[in-house]
Amino acid sequence: MRVQAERNEGTCARARAPAGFLAILALAASACNFDVTNPGPAQDAVLDRAESHQAIVVGANRLYNDAFNLTTILSAAHAREVFPSGNTGYKAIGEFNRRGLMPYDDGKASGQSWDPVQNARWVAEAGVERFRRVLKTDFAKSAVAGQSLLWAGLSSRLAGEHFCEAVLDGGPIQPRTAFFERAEKQFTEAIQVARAAGKKDIELAAVGGRASVRMSLGKWADAVADAGQVPLSFKYQTKFSDADIDQKLSFAFLISSAPWRAFTVWNTFYLDYYTQTGDPRTPWEKHPTQDLGDSGVGDWGKVPFRMQRKYTKTDDAVDLVDGREMRLIIAESYLVKGEWQQAMQITNELRTSLISRKTGKPLEPWQASNVEEAWTAFFKERGIELWLEGRRMGDRQRWKDTKAPGKLTVWEVSSTTEPVHERGRGTYLDPNFVLCFPVPRSERITNPNVPDLP
Amino acid sequence: MRPLGSNSTLRDESRLRGLAPWVVIPALLVVLAAVPASAQQGGTVTGTVVDARTQAPISSAQVFLAGTGIGTLTAANGRFLLLDVPAGTHEIRVERIGYADGVQSVTVRAGESQAVSFQLAEDVLELDELVVTGEAGAARRREIGNTITQINLTDVQEPVVGLEGLLQGRATGLAITESGSQAGSGAMIRLRGNVSISQSNTPLVYIDGVRTRSDPYPRNVGPVGTKDNRSPNTVASPLNDIDPSTIERIEIIKGAAATALYGTEAAAGVIQIFTKKGTPGRTRWTLQVDQGFTDIQSFNHHTDVYPYFRTEPWLRKGYQQSYSLSAQGTQAGIAYYVSGTYGDDDYSLVLDNETKGAFRVNMGFNLLGVNVQWNTGYILSDITNTPSGNNSNGPYMNAYRGDANYVGGYDVEVINKTLDLEHTEDIERLTSGVTLTYSPSSAFSNRLVFGFDRTDMELISYRPFGYILEPLGARSDKRWVGQTLTFDYSGSYRFDLGRQLGATFSWGAQTVETEELTTHGWGEYFPGPGDAVVSNGSIQLASEERIRVINGGFFGQVRFDVRDRIFLTAGLRMDGNSAFGQDLGLEPYPKASLSYVISDEAFWPKALGTLKLRTGYGHSGRAPGAFDAVRTWAPTSLAGQPGFIPQNLGNPKLGPERTAEIEAGFDAGWLGNRVTAELTWYQRTTSDALFPVSNMPSQGGWRSQLQNVGKVRNRGIELSVDATVLESRDFGWDLGLGVATNHSEVLTLGGAAPFSVGNLGWIREGQPAPVIIGEKVLNEDEFADPKIDANYAYGPNQPTTIITPSSRIRLPGGVILSARGEYLGGFYMQDGPSGNATGRSIEWPACSRQVLGDISKAIAAKQLEGISALERRRCDLKKSQSRTWVYPGDFFKVRDVTLSVPVDFLLPWGEDARLSLTARNAIRWLNDGFWAFDPEMPGNDGADTFVRGFSEHVPPPAVYTASLRINF
């Protein structure tokens, strides 16, 4: 692929050199040949060619991964799926996010999560529109079109689950449900195209994705109808890579002690939970040589470093759509209707299908005797099932918005099995911590339809 | 600190240590020995050259017999000796910059000696001196309507160890902030501040008319793309490749009014370097030996504890040595200058070393009426760097981070293990140019230059198997080639339009083609111990990048002169560039200037001295990058699958920035030129400024696109005054003072949104470019809770005031004591290491009065008595953030103090010998608000960045040098 920054040969003809200086004209002519071919980056037209189409899809996947890495580490900290224990810089939990804050203007022009999420969404959608234009009638049965629609839908879902409000394509601010509605349309078209293309995995992933956004929109009947189509064993994942640092899975890379130990399971619900239950979904362990994080956490100083082991390698895959999540959608639909027994049954069926790493036996079922207890158990179970998949903060905000009954786990949980930390007392979360990220200045100062804040 | 001593280089065997001085210098001798000695029979001419007013001897004056090829340079005592002068009557001439020429007739008889003495009159304004920079061919100073600074190396007393140090404080409007703590590191050079927001602000550099690379070399950044950035975080500068001992003079032009004929890429100014040429007469040898060492000064300016912030085990006094030998003369009609230099410099950072060999051969001769000048310089440089800056694999960052570092705590033995990370840069550079000058008559001249500048670099970053922070090891090997080809033709024809009116037409055409090739290999996870190459890695990656840009154009210029005192010049350059958008044609750059030597008028009272009035107006530009105009998609990958992601939106109308500048001023001399002054006011406006206009994130993909939308203005004054306070045969005292101001303002963003340019720098309408925006404690000196402005506009990041005093005292016996100082003020910068540390709740020396971190501990315990609001914010480990660590950057440094003593008596076989003792940057003053480190400490991208701030490096050291120079 080559890029030509070509100059118009005619431009030199427009130049008028002093008459009589023929030698100068000759020299001038030699000075006017600006044709240069620089290889490397691809011109836009190259992407119209069929040979490039799969690479467009891969690019959309790559940008989804980038957005996932940059966003979900922050939301995991806000939701206290993890606790900060080190580096606040590259791809890590920033100084404000450590305390659960996402300032509207932290002095950086770019929204550190908004921009990459919007980028992932836009690029996937641009791929869809390119395929629609280039493939014409073949679009409706194109595998690459179906894949692009799926990435567009997943990116829109990622946005909806993280941001307080939505902005689309330079338009005005809308409720964040606009992201879910867009995702619903994208998943719907992806289902149709993938089905026509015979791509069953894409179709099921889109169905599952649509189930999750319909749930977020409160369209419970539609959500349950979709969820019921996805087999329990089905998974659609995004694969990370060790090829370079940008492709590594941050949840693994940032704790690899090379050199960072940026977050810990210490001071979260999951520390004691795993110790007590051996639930294979929430494993963690001590580092063989490093007992503390790589830098201090405010006036708490260095805190114990306990590594999550859900992802053990930096090229692990992350679940995006999972049949087990679909069962939880169905369970939650029962809770919403107040039918907590059915919800508990589904929830515990999922739970007891797993073998404890501590006892070697199935996990103990949750117990509930009323709807509130059932919600409480459900909150935990969904948090355990989807731990470190970038979903928890959105769930918490959704349950807060819908005023779901039940008790959420407290934000920071002092371990009963770990030594008491010298300075880590009370909570490190700021009282004004947030569960969704605001539209940042990077959008407000560039988008005329979104006013800047005073 | 560690004692003096050379470090153990990381290479198995340096290329240059094999080229020790006893290899290089004898080779030079052999070359020169091949030149046949003169066998002519004749007489000799001896004599002295002195200042007509003071009778002080004049050194380095060129003495020659016109038309014979016989000549020499005067020694420090002003004496000269011409051997083998043919019998007969000759015209003997003496030329020296700063003096009017001397001419006498001398009659020589075979076997006899003739004595001649010259008394040269000072010509401090040098109105008849020829300068070439910014002109179509050479022009006399009196003809030029712009200010041009010329630095003559014969006037420089201290041993010059680098080009950047040489320029420092010697030209008004020139700001050089150095970063000399690391081997190979380059300084930031700005002429009249920043001219561009998005493009290079480094002036163009020409060596003997050949365009050479001036932008920094690539950084020895780890590996492919953004992978694993474990770098020394310094950037080598091409200017360091230039052997200062080979420089004859430097001409500096500062703005578009003067650089118009250089076209699209010259808006940031031009530096022309002229190397030494052959002199008439016998071979004259110069041997120079320099020995010195570096010495780091305290970092902590806010409190008295931990002066080196725990880095003492990794600091040292770096031993520096340099040897150079040169010869110049004329034999067989070939005027030659040949030199060789070998240097081996340790730096204050524990592994930093640069070993360099530089060679130059300049030859000039006449061929069929065409004057041919062929100049070639060649350097080999091996640089070793310590991992430094914001690098968790380096000793300094781990020392700064104390117990919260990346190796498990502050343990010297453990941190020492990070030194197994090897960073090396090998540079090989060849710069060669041929200049053909053909002048069929005194009125008609033509000059043709072919030039070639090529640099080959290998940059290696290597963590061996078993490395403390990468147990399986990793290696990066980057090969970079940069090449610049110059073709430059210019001609001029002068004719008279009457008795009092003349005109000179000039014309020319140039092309400059630059190419860069980067190939990069990366391998990680080695199977076992041993010396690994990239191929040993179980994961291997490679990348390749090729960029080629052509810039070319032609110009015409006419200069009318009235009675040799009024000069009106008008010119136009038309320029094209391969990086322009498709819709853009050739770009015109006009210029006009007026010079009036009013003191030549009969009505001018002699008591008012010499005065030249001048004004100039012109346009220049800066081209966008090679790919900026084109919509492109970047190749990427995911888990081995190829992909495309957006790279550049593209803009078919993209063109160069256009900088228009007007300047006006005067050059004056009073009291018989004992006091001279230059004053210049300038205003420079860059329109169509290339701004990276941010796209709405919700429109995704294209993060920003360069657009010609902005408008930025710089204006200021430049004043230089030189005065001879005392002058006699044995005693003299010269004082100099330069004052320059530069105030920038973003006049419009063209509808674009304000945007960040890093290191807390922002581009905002009505503010300097860039302005530092950070958190400000409004009541910083009060003993009270801090009042915060979260987005405070501190002010400019570039110095707005530069003051350069100098003094030169000449004592009996030829002893000279000289000193130069430099004040840079009116700017702000971010202290990265302090903010990064306190933001991580690290007990910080600058927050410590008695014991480490006691201020922070008192704040945590709410014992706030005696703790200022600023300390309460910065040292509160729960609330401190990096945006609060912004300092006023004002500083004054005594750039050099030199005592220079003739030691001829030690070397009876030499013509003259001089010993110089120099201390550089040994004395400094910082603003009280500058809590830690040094304003000249670089950031992760080196010193030459648009927004200056600093990362976890160490400050540049003081350097002490003893230098012995012998001419024979």
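As the structure is a computational prediction, the values presented were derived from the model and not from experiment. To find a chain, count down the sequence lines: A is the first, B the second, and so on, and within it residues start at 1.
- Neither the backbone nor the side chain of D315(A) comes within contact range of chain B, judged by heavy atoms closer than 4.5 Å.
- Scanning all heavy atoms of the two residues, the minimum distance from T446(A) to A753(B) falls at CG2-CB, 3.8 Å.
- Closest of all the heavy-atom pairs between G170(A) and Q699(B) is N-CG, 3.8 Å.
- The backbone N or O of S698(B) sits less than 3.5 Å from a side-chain atom of R121(A), completing a donor-acceptor pair.
- Here S880(B) pairs with T838(B), W885(B) under the side-chain hydrogen bond (donor to acceptor under 3.5 Å, both in side chains) rule; sequence neighbours left out.
- With a 4.5 angstrom heavy-atom cutoff, V167(A) touches chain B via backbone and side-chain atoms both.
- W633(B) places no side-chain N or O within donor-acceptor distance of the main-chain N or O of A42(A), the cut-off being under 3.5 Å.
- When every heavy atom of D242(A) is checked against every heavy atom of I539(B), the shortest pair comes out as CB-CD1, 4.2 Å.
- In this structure, chain B has a heavy atom under 4.5 Å from the side chain of L47(A), while its backbone stays farther away.
- A side-chain donor-acceptor contact under 3.5 Å links S637(B) and Q247(A).
- Contacts between D403(B) and chain A at a heavy-atom distance below 4.5 Å involve the backbone alone (N, CA, C, O).
- Of all the heavy atoms in S52(A) and F644(B), the pair that sits closest is CB-CE1, 3.7 Å.
- D291(A) does not touch chain B: none of its heavy atoms, backbone or side chain, sits under 4.5 Å away.
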